[in-house]
There are 2 protein chains.
Amino acid sequence: MVEDGREIPTLDEVARVAGVSRSTASRVINGRTYVSAKAREAVAQAVTSLGYSPNMLARSLAMKRTNSIALVVSEHGDRVLGDPFFARVLRGVHAGLAGSGLQLVLLMAQDEQDHGSMATYLTSGHVDGALVVSLHGEDPLPAQLVASGLPVVLCGRPLAKVEVPYVDSDNFNGAGQAAQYLIDQGRRLIGTIAGPRDMAVGIDRLSGWRRTLSMAGRPTDAIAHADFSLEGGMAAMEQLLTAFPALDAVFVASDLMAIGALHVLRGRGIRVPEDVAVVGFDDSGLAATSVPPLTTVRQPIEELGRTMTWRLLAQFEGDADLPPSVLLPTELIRRDTA
Amino acid sequence: MVEDGREIPTLDEVARVAGVSRSTASRVINGRTYVSAKAREAVAQAVTSLGYSPNMLARSLAMKRTNSIALVVSEHGDRVLGDPFFARVLRGVHAGLAGSGLQLVLLMAQDEQDHGSMATYLTSGHVDGALVVSLHGEDPLPAQLVASGLPVVLCGRPLAKVEVPYVDSDNFNGAGQAAQYLIDQGRRLIGTIAGPRDMAVGIDRLSGWRRTLSMAGRPTDAIAHADFSLEGGMAAMEQLLTAFPALDAVFVASDLMAIGALHVLRGRGIRVPEDVAVVGFDDSGLAATSVPPLTTVRQPIEELGRTMTWRLLAQFEGDADLPPSVLLPTELIRRDTA
DNA sequence: CAGATTTCTGGAAGCGCTCCCAGTCGGTGT
DNA sequence: ACACCGACTGGGAGCGCTTCCAGAAATCTG
């Protein structure tokens, strides 16, 4: 590193200039009690005249607390940075951190097997806790971190059987809401385009749909799986239409797939919602601007980030009876497709 | 904080278990020379058996180097997180950091006057350097940071007269390219929808356009300013059309504004590109998908992030003759509007 | 006014690491 | 045999801060 410019003042210098001991200087800087007004004044003076600001590193080392938390994305960074979902979570986290005095360290995998170095970084005292966004199903990272004693909160229900607190949208009941709504609208044969079988969101939304239908005595066999992509949604819709010609409603596990379904429906000259009703999930930007505007289940994504942060901070405080995990309520947004 | 689980092992313990001194243990952990094979082996053993990982805080304190840099956004976080420009810069920075062993700390203003606390954080030894994305014109932060001796690289040419290295797209020549292209296409009266007068991008793109036209002996008075918004672009287009009915080409300083202009043109029944040619700037996602697809000047945004990072790292290395700042070349992307 | 508090203060021991320095030990050269 | 040099090692002094502890000064008891 090049010439660093001026020397940066230390607590010792402040103390010397103020004519007090380092202890006393430290006390006034940290606003502690048992300091005379005179000493307080002198130190304050010295601080401003020297332009002193405490070295956080040293402070952290002494206090064993870093005042920063990590937002960990175990996926490769490039894939996730363009994702609006992630941007909204990040925004929520940022909002949740406001006023806490904590800093956010962003940690994204660089290579595919970067997990080792991430784990090392996280467990070696750099941060006080971690928020983990783990889109992938089988991620060993959360378990590792918890095992090392680092406070961790996950984004989304983990598939693995680990004791890690998480925050998630209430996918189960959200899907239920959608199904119930379709039933209430008098729909007779209600199908679903579900997500992958190996992702918690896919599983939960499917079982929510299934529960509500079967409790209403309806058949629950009109299921097609897809991968949350537009093309996947289209293919699944074709499939469903072929297998169940009488289908008059479909709950689609994501807005993007729902839009794919809409394409197929229009392509076949099937009217929405007259002939087939469509309900999506997410209420992403796409839903409001699609044609026709999509009826969908809104999940509160910013809220998710904010809640994760709150949960982690609460854990720092040592709040006794903290819910192990929290589910955020969803809301059915009525637009034109159902 | 709650019970932290197991005690985390220190270098001292490793040394004790390996039966060597702390110095020796440190040597093998840092892969330094002058260590006997036996000692090396013993320490390696101890490390794995104890699950030791060095405390970065302590290391940083001793070495006066933190191995992390900050990406600073002086704008309020909420405004910037949805911005695809920022996401792409971030992605570039992330890519640029790959393999460097440096961590990224994300710093965004929380309140409006959060600058003070950001400056404090940055100058108090938390990071080795800072990448500052300062969309606002008159931002005092860069100057403060540089004054404190922290290596800094800016994103975008600063308006203020400060000696801070920056990386920017070559807005001046990019706008020139667009203007030249329109001239070459045989356009006679070429206008521009320029950005705000108080933003460097606005100024540079305007003067690039102006330079090229005036060197070709063309008039440079068909100018309308707008604020980079869709609505602003629409209003400016109206204005231009009214003031210069003979206008047959327009260079618009951003894709979003260009799309606004397109709306207006279509609304008036003016054919694009037959009657009026339109060239945008950015090549954001919008450009390719607009109807008709927008001819535009591509600026390499990821590259911008990557270059900022490279510039900062080079500064760490103490590279002697580093360019004070670097301009990234732009490229004209021909589509259907010109 | 002696004695018990209650402020206030500085010394010193850490936090976990790096790195300089003085030293030990074998093996060369003459 | 001597000095000498290179590989190796451990002691110890920091890095800049917090915090415990014991002692000094000021204040309060009856």
Side-chain angles (χ1 to χ4, degrees), chain A residues 1 4 6-44 46-47 50-68 120-121 123-128, chain B residues 1 4 6-44 46-47 50-68 120-121 123-128:
Chain A
M1 194 168 316
D4 235 28
R6 67 196 61 184
E7 278 308 307
I8 129 169
T10 75
L11 186 56
D12 269 310
E13 271 145 59
V14 171
R16 181 147 21 90
V17 169
V20 299
S21 75
R22 190 170 58 240
S23 319
T24 300
S26 173
R27 280 186 203 102
V28 9
I29 281 164
N30 294 299
R32 238 182 287 289
T33 179
Y34 291 151
V35 184
S36 67
K38 206 178 81 184
R40 189 180 305 281
E41 178 58 27
V43 172
V47 165
L50 256 49
Y52 169 80
S53 80
N55 181 321
M56 291 315 202
L57 245 40
R59 184 193 295 236
S60 295
L61 182 58
M63 302 207 306
K64 292 167 158 272
R65 185 174 218 284
T66 67
N67 286 315
S68 59
T120 304
Y121 180 85
T123 56
S124 66
H126 250 296
V127 296
D128 296 336
Chain B
M1 195 168 315
D4 235 27
R6 66 196 61 181
E7 276 309 304
I8 128 170
T10 75
L11 185 57
D12 269 309
E13 271 145 59
V14 172
R16 182 149 18 90
V17 169
V20 299
S21 75
R22 190 172 59 241
S23 314
T24 302
S26 173
R27 279 187 203 101
V28 9
I29 281 165
N30 295 300
R32 238 180 286 286
T33 179
Y34 290 154
V35 184
S36 68
K38 207 178 79 182
R40 190 181 305 281
E41 179 58 27
V43 172
V47 165
L50 256 49
Y52 170 80
S53 79
N55 181 321
M56 291 315 201
L57 245 41
R59 189 197 294 248
S60 294
L61 182 59
M63 303 208 305
K64 290 167 161 272
R65 187 175 216 285
T66 66
N67 287 315
S68 59
T120 304
Y121 180 86
T123 57
S124 66
H126 251 294
V127 295
D128 296 337

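Just so you know, these numbers use all the heavy atoms, side chains as well, and skip hydrogens, waters and symmetry mates. Since we're looking at a predicted model, the values are computed, not measured. Lettering of chains follows the sequences in order, A, B, ..., and the numbering in each one begins at 1.
For the residue pair A:S23/A:S26, the side-chain donor-acceptor check at 3.5 Å is not satisfied.
Against DNA chain C, the stretch residues 29-37 of chain B makes heavy-atom approaches under 4.0 Å through B:N30, B:R32.
Atom pair A:R16:CZ and C:dG10:P shows a separation of 14 Å (rounding to whole Å applied). D:dG11 atom C1' lies 9 Å from atom CZ of B:R22, rounded to whole Å. A:L61 places its CG atom 17 Å from the P atom of D:dG14, with the value rounded to the nearest Å. Between the CG atom of B:N55 and the C1' atom of C:dC15 there is a distance of 8 Å, given to the nearest Å. Atom pair A:L57:CG and D:dG16:P shows a separation of 11 Å (rounding to whole Å applied). Put simply, CZ on B:R27 is 15 Å from P on D:dG12, counting in whole angstrom units. Per the geometry, NZ belonging to B:K38 stands 19 Å off P belonging to D:dA7, to the nearest Å. The CG-C1' distance, from B:D12 to C:dC15, rounds to 11 Å in whole Å.
Of the candidate nucleotides D:dC15, D:dT18, D:dG10, D:dT18 has the atom lying nearest to any side-chain atom of A:R59. Across C:dG11, D:dC17, C:dC17, the shortest atom-to-atom separation from the side chain of A:S23 is found for C:dG11. When each of C:dA12, D:dG14, C:dC15 is scored by its nearest atom to the side-chain atoms of A:A62, the top-ranked nucleotide is C:dC15. Distances were taken from every side-chain heavy atom of B:M63 (C-beta onward) to each of D:dC15, D:dC17, C:dT18; the shortest belongs to C:dT18.
Residue A:P9 comes nearest to A:L50 through the heavy atom pair CG-O, 3.6 Å, listed as atom of the first residue, atom of the second, then distance. Heavy atoms only, all atoms of each residue included: A:P54 and B:S124 are closest at O-CB, 3.1 Å. When all heavy atoms are compared, the tightest approach of B:Y52 to B:L11 is CE1-N, 3.5 Å.
The C1' atoms of five pairs define one axis at each end of the helix from C:dC1-D:dG30 to C:dG29-D:dC2, and these two axes lie 50° apart (to 10°).
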**OP:** Decide yes or no on side-chain contact (heavy atoms from CB on, under 4.5 Å) for B:V43 and B:V14, but give the supporting numbers first.
**Re:** CA-CA 7 Å; B:V43 172; B:V14 172; 4.1 Å; yes

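In terms of phosphate contacts, A:T24 brings a side-chain nitrogen or oxygen within less than 4.0 Å of OP1 or OP2 of C:dG10. Side-chain N/O atoms of A:K64 include none lying less than 4.0 angstrom from OP1 or OP2 on C:dG14.
Looking at residues two or more places apart in sequence or on another chain, you find no salt bridge (charged side-chain N to carboxylate O under 4.0 Å, His left out) involving B:R40.
With the nearest nucleotide of DNA chain C identified for both A:A58 and B:S26, A:A58 has the one nearer the 5' end.
Residues A:N67 and A:M56 form no side-chain contact, since every pair of their non-hydrogen atoms from C-beta on lies 4.5 Å or further apart. By the 4.5 Å heavy-atom criterion applied to side chains, A:N30 and A:R59 are counted as neighbours. Contact of the A:H126 side chain with the A:T66 side chain is not registered, since no non-hydrogen atoms from C-beta on lie closer than 4.5 Å.
Of the possible donor and acceptor atoms, none in the side chain of B:T24 sits under 3.5 Å from a partner among the backbone N and O of B:V20.
Within the nucleic acid shown, B:T10 comes within 4.0 Å of sugar-phosphate atoms alone, with no base atom in reach, counting heavy atoms only.
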